[in-house]
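FYI, side chains are in, hydrogens and waters are out, and symmetry mates aren't considered; it's all heavy atoms of this structure. Worth saying up front: this structure is predicted, and the values here are computed from it rather than measured.
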Amino acid sequence: MSDVGLSERARALVRPEVADLEPYDPGFVECRVNLSANESTWPRPPALERAVREALAATPLNRYPDPMANGLRDALAAWHGVDRSQVVVGNGGDELIFDLLLAFGGPGRTVLDMPPTFSVYDIYGRLVGSTVVAVPRDPETFEPAWDEVLAAARTADVAVLTTPNNPTGNTVAPDRVEALCEACPGVVLVDEAYGEFAPSMGSAAALLDRHPNLCVLHTLSKAFAMAGARVGYLLASPELVDVFAAVRQPYTVNVLSQAAATAVVEGRDLALAAVADVVAERARLTGGLRALGLRVWDSEANFVLVRVPDAHAVRQRLARDFSILVRDLSSAPGLEDCLRVTVGTPAEDDAVLDALRRILRPVPSSS
């Protein structure tokens with residue numbers, strides 16, 4: 001979509017829900033250090049990298065992929081201790097979010113959102129014609145406003161909760177998830193895309209047996225360094241998984257992604273062992289940013305949210321003068337003057353800290 005938005009003719013042709021939508025824009029530009037998209041910039045363990053390459057090399061391309069990715073579903077089911085019928089695989093978590101809202105949202109239906117959070121919930125909810133009810137989080141702690149959330153959930157067809165939350169990094173206790181499932185007569189989506197970075201949190205998947213309206217979303221993009229392969233998966237009751245099978249487009253997960261993802265799932269212990277390094281580096285990055293006098297919220301994800309004076313200008317200078325890309329969230333309600341910084345390698349994080357130090361504490365001219 002162009003910067004000027006839809007033309008008048010296009011606006012007249014499309015559905016009203018589409019005409020005023022702002023496209024999801026990750027703000028990508030070519031740069032030396034990219035810490036804007038919460039991808040893993042750490043090298044994959046060599047043994048796991050070999051397994052992925054061998055799986056790709058052994059995969060023929062002349063046949064369509066298994067439409068339901070059953071081999072990968074079996075590997076995921078074995079990992080999570082569920083039946084294959086409780087697993088659905090998608091072209092990234094984004095596709096599964098869209099399919100869920102397509103199936104359970106729509107005109108005359110309500111989607112409960114808790115901003116600031118992943119903007120795609122609001123975009124996709126409105127795209128399918130749902131009424132999106134936003135219950136803002138606490139502006140200081142970013143904790144959901146639970147009394148208001150549970151009240152709104154009682155009339156919601158879909159309630160979406162992210163833990164750890166993107167972009168704030170805070171988690172939600174299991175008893176809160178359970179209360180939301182009990183309050184909501186519709187479907188509750190718990191997005192755990194960053195759950196591997198918060199091992200003490202515990203997955204909401206433990207509640208699946210008690211709450212048939214619960215769906216738990218995971219991705220291989222973050223902790224497993226598979227963002228380019230676009231593989232997400234969802235755990236739910238068999239009756240909800242059947243709905244996804246009915247609405248999804250065929251062959252959405254290609255053969256190469258299925259092969260690589262299966263190798264990663266089978267070798268997951270190697271990948272998960274490296275998560276501890278990211279968590280340790282997250283603490284170091286947080287400390288470095290705070291040493292610059294910046295407000296940094298505690299995070300349980302692979303990114304940190306930091307408030308910087310004149311954040312938009314700082315982000316532009318990072319990109320222009322230092323070839324470093326971070327995510328500018330300063331125009332989003334509740335996130336004024338905020339940047340989100342992915343936890344990179346120690347060298348990448350040092351580059352960010354050094355650049356911010358130069359921007360925020362410029363050396364006086366000698367002239």
Item to complete: Take Val158 and Leu100 through the side-chain contact (heavy atoms from CB on, under 4.5 Å) test and state the conclusion after the steps.
Response: CA-CA 9 Å; Val158 179; Leu100 184 145; 3.6 Å; yes
Fill in: Stepwise side-chain contact (heavy atoms from CB on, under 4.5 Å) check, Val89 with Met68
CA-CA 7 Å; Val89 177; Met68 292 300 292; over 6 Å; no
Discussion item. Before you tell me yes or no, could you show the steps for Val296 and Leu305 under side-chain contact (heavy atoms from CB on, under 4.5 Å), namely the whole-Å CA-CA distance, both residues' side-chain angles and the distance that decides it to 0.1 Å?
Written reply: CA-CA 6 Å; Val296 187; Leu305 184 71; over 6 Å; no
Worksheet item: Between Val177 and Val172, does a side-chain contact (heavy atoms from CB on, under 4.5 Å) hold up when you go through it step by step?
Response: CA-CA 7 Å; Val177 176; Val172 171; 4.1 Å; yes
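Applying the salt bridge (Lys or Arg N to Asp or Glu O under 4.0 Å) definition to pairs two or more places apart or across chains, those involving residues 292-313 are Glu140-Arg295, Arg282-Glu300, Arg290-Asp298. Listed by first and then second residue, the salt bridge (Lys or Arg N to Asp or Glu O under 4.0 Å) pairs that reach into residues 61-82 are Asp74-Arg84, sequence neighbours excluded. Under the side-chain hydrogen bond (donor to acceptor under 3.5 Å, both in side chains) criterion, the residue pairs touching residues 107-118 are Thr117-Thr162, Thr117-Asn165, with sequence neighbours excluded. Within the structure, every pair that satisfies the salt bridge (Lys or Arg N to Asp or Glu O under 4.0 Å) test and touches residues 174-203, not counting sequence neighbours, is listed here: Glu178-Arg210. Applying the salt bridge (Lys or Arg N to Asp or Glu O under 4.0 Å) test to residues at least two apart or on different chains, none of the pairs has a partner in residues 236-257.
Not counting sequence neighbours, Thr155 has no partner by the side chain to side chain donor-acceptor pair (under 3.5 Å) test. Listed by chain and residue number, Asp328 satisfy the side chain to side chain donor-acceptor pair (under 3.5 Å) test with Ser330 (two or more places apart in sequence, or in another chain). Taking Thr131 as the reference, nothing meets the side chain to side chain donor-acceptor pair (under 3.5 Å) condition, with sequence neighbours excluded. Applying the side chain to side chain contact (heavy atoms under 4.5 Å, CB included) rule to Ala276 yields no partners; only residues at least two apart in sequence or on another chain are considered. Legend: residues meeting side chain to side chain contact (heavy atoms under 4.5 Å, CB included) with Thr345, ordered by chain and number and at least two apart, are Thr41, Trp42, Ala347, Glu348.
Residues Phe104 and Val111 are not in side-chain contact: their nearest non-hydrogen atoms beyond the backbone lie 4.5 Å or more apart. Contact of the Val33 side chain with the Leu325 side chain is not registered, since no non-hydrogen atoms from C-beta on lie closer than 4.5 Å. In this structure, the side chains of Pro164 and Phe197 stay at 4.5 Å or more apart for every pair of heavy atoms. Put simply, the side chain of Leu339 does not reach to within 4.5 Å of the side chain of Arg327, judged on heavy atoms. The shortest side-chain heavy-atom distance between Val87 and Val241 does not fall under the 4.5 Å cut-off. Between Asn170 and Trp297 the shortest side-chain heavy-atom distance does not fall below 4.5 Å. Contact of the Leu356 side chain with the Val306 side chain is not registered, since no non-hydrogen atoms from C-beta on lie closer than 4.5 Å. By the 4.5 Å heavy-atom criterion applied to side chains, Asn302 and Tyr194 are counted as neighbours.
Taking the six-membered ring where the residue is Trp, Tyr121 and Phe118 present perpendicular rings, their angle passing 60° and hence far from 30°.
In this structure, the side chain of Ser203 engages the main chain of Ala205 through a donor-acceptor pair within 3.5 Å. For Thr163 (side chain) and Thr171 (main-chain N/O), no donor-acceptor pair under 3.5 Å exists by modelled atom type. Without hydrogens or angle criteria, Ser36 side chain to Val326 main chain gives no donor-acceptor distance under 3.5 Å. Judged by distance alone, with hydrogens and angles left aside, the side-chain atoms of Gln86 form a donor-acceptor pair with the main-chain N or O of Asp83 at under 3.5 Å. Side chain of Ser299 to backbone of Ala301: a donor-acceptor contact under 3.5 angstrom is found. Checking side-chain atoms of Arg15 against main-chain N and O of Gly129 turns up no donor-acceptor pair under 3.5 Å. Counting only distance, with no hydrogens or angles, the side chain of Arg32 and the backbone of Phe322 share a donor-acceptor pair below 3.5 Å. For Gln258 (side chain) and Val253 (main-chain N/O), a donor-acceptor pair under 3.5 Å exists by modelled atom type.
Pairing each heavy atom of Pro167 with each of Leu335, the nearest pair is CG-CD1, 3.8 Å. Residues Val135 and Ala152 approach most closely at CG2-CB, 4.1 Å, considering heavy atoms. Heavy atoms only, all atoms of each residue included: Leu353 and Leu292 are closest at O-CD1, 4.1 Å. Nearest heavy atom pair, residue Leu234 against residue Leu96, reads N-CD1, 3.9 Å. Cys215 approaches Val187 most closely through the heavy-atom pair SG-CG1, 3.8 Å. The shortest non-hydrogen separation linking Leu161 to Pro144 is CD1-CG, 4.4 Å.
Note that the CG atom of Asp337 and the CZ atom of Arg315 stand 14.5 Å from one another [nearest 0.5 Å]. Rounding to the nearest 0.5 angstrom, the gap separating the CH2 atom in Trp79 from the CG atom in Leu235 is 9.0 Å.
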Acceptor/donor pairs from residues 220-233 side chains to any protein atom, 3.5 angstrom cut, sequence neighbours excluded:
| unit_1 | atom_1 | unit_2 | atom_2 | d |
| --- | --- | --- | --- | --- |
| Ser221 | OG | Thr219 | OG1 | 3.1 |
| Arg230 | NH2 | Asp94 | OD2 | 2.8 |
| Tyr233 | OH | His80 | NE2 | 2.7 |

Check residues 48-59 and write down every donor-acceptor pair under 3.5 Å in which the side-chain atom is one partner and the other belongs to a residue at least two apart or another chain.
| unit_1 | atom_1 | unit_2 | atom_2 | d |
| --- | --- | --- | --- | --- |
| Glu49 | OE1 | Arg44 | NE | 2.8 |
| Glu49 | OE1 | Arg44 | NH2 | 3.2 |
| Glu49 | OE2 | Arg53 | NE | 3.2 |
| Glu49 | OE2 | Arg53 | NH2 | 3.3 |
| Thr59 | OG1 | Ala55 | O | 2.6 |

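With no hydrogens or angles considered, a side-chain donor-acceptor pair links Asn166 and Arg340 at under 3.5 Å. Judged purely by distance below 3.5 Å, without hydrogens or angles, the side chains of Asp122 and Ser119 never pair a donor atom with an acceptor atom.
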